[in-house]
Amino acid sequence: MSMDSPATFQQKFKRQLTRLYSNLIITPCLLCGQDAKDGYLCSACLTALPTFTQACPRCAKPSLAEALCGGCLVQPPARTVTRCLYSYEPPIDRLIADFKFHDKVFLSRFFAQQLADKIISESQPLPRLLIPIPLHQNRLKQRGYNQAKELSQQLSLLLNIPYATDALSRIRDTEPQSGLPLALRHKNVKHAFKANNKQLPPHIALIDDVLTTGHTAEIAAQVLLAQGVKQIELWTIARTIRHY
Ligand SMILES: [Zn+2]
Ligand SMILES: [Zn+2]
């Protein structure tokens with residue numbers, strides 16, 4: 001199986017150099033324009049971001065008890081763990097739109113760093129492979145890059161877990177889920193993915209930018225389970241909360 005390798009020595013060296021450089025120059029915060037030492041956000045904007053907490057650990061449906069939700073007790077999704085960094089609300093929605101649609105690919109480094117810090121702080125066994133939710137070829141050509149792949153690449157460097165862009169393919173050019181009513185979303189992504197590799201590690205994480213209804217991740221996870229994967233996590237930058 002071909003996998004994109006985790007951090008090579010050169011990549012690590014380049015990252016150290018970039019960090020050193022960004023510590024020496026002062027860059028404006030992407031949100032307020034004040035000085036941002038890390039090159040992304042000032043410390044005030046960083047601490048004010050809407051951290052996503054109190055959710056069902058399996059599906060990430062908001063729940064005050066942080067216990068398995070009713071839905072997961074009755075009909076659990078294919079994934080066993082969902083980790084989301086932020087609530088999808090201002091200013092995260094704007095930062096993700098910049099990352100996804102406005103060529104600010106460098107934001108993958110910021111989001112990956114925050115997500116990696118969260119993952120490490122939770123001290124759970126790490127998956128052996130990261131799999132970005134793929135875009136269809138047509139969408140990829142249109143946008144020029146897959147934001148989930150960019151995020152996976154940065155997470156791979158930070159967590160030293162390989163990522164594979166060839167594990168899953170998107171075989172149907174589906175409508176963007178965001179433009180569809182909830183009732184049609186499951187139908188829209190049904191049969192959207194195909195698994196390509198015969199051999200995958202037993203524990204993997206799917207990577208995506210935003211979790212909304214979870215239909216896309218569910219279909220992808222089902223395809224991977226059928227391929228022999230035993231444990232699937234879903235990691236996203238943000239989780240929409242308006243559906244609850
Ligand atoms: Zn700021
Ligand atoms: Zn749940």
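All ligand and atom numbering here is 1-based and tracks the order in the structure.
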*Report the angle formed at the Zn ion (ligand 1) by atom SG of Cys29 and atom SG of Cys45, rounding to the nearest 10°.*
110°

*Are more than 12 heavy atoms from other residues, nucleotides or ligands located less than 6.0 Å from atom NZ of Lys118?*
yes

_Can you confirm whether Arg239 sits close enough to Thr82 that some side-chain heavy atom of one is under 4.5 Å from a side-chain heavy atom of the other?_
no

*State, to the nearest 10 degrees, the angle whose vertex is the Zn ion (ligand 1) and whose arms point to SG of Cys32 and SG of Cys42.*
110°

*Within a radius of less than 6.0 Å around CD of Gln54, do more than 12 heavy atoms belonging to other residues, nucleotides or ligands occur?*
yes

*Can you give me the SG-the Zn ion (ligand 2)-SG angle for Cys69 and Cys72, to 10°?*
110°

*To the nearest 10°, how many degrees is the angle Cys56 SG to the Zn ion (ligand 2) to Cys59 SG?*
110°

*asked:* Under a 3.5 Å distance rule, please check whether Arg79 uses its side chain to pair with a backbone N or O of Glu233 as donor and acceptor.
replied: no

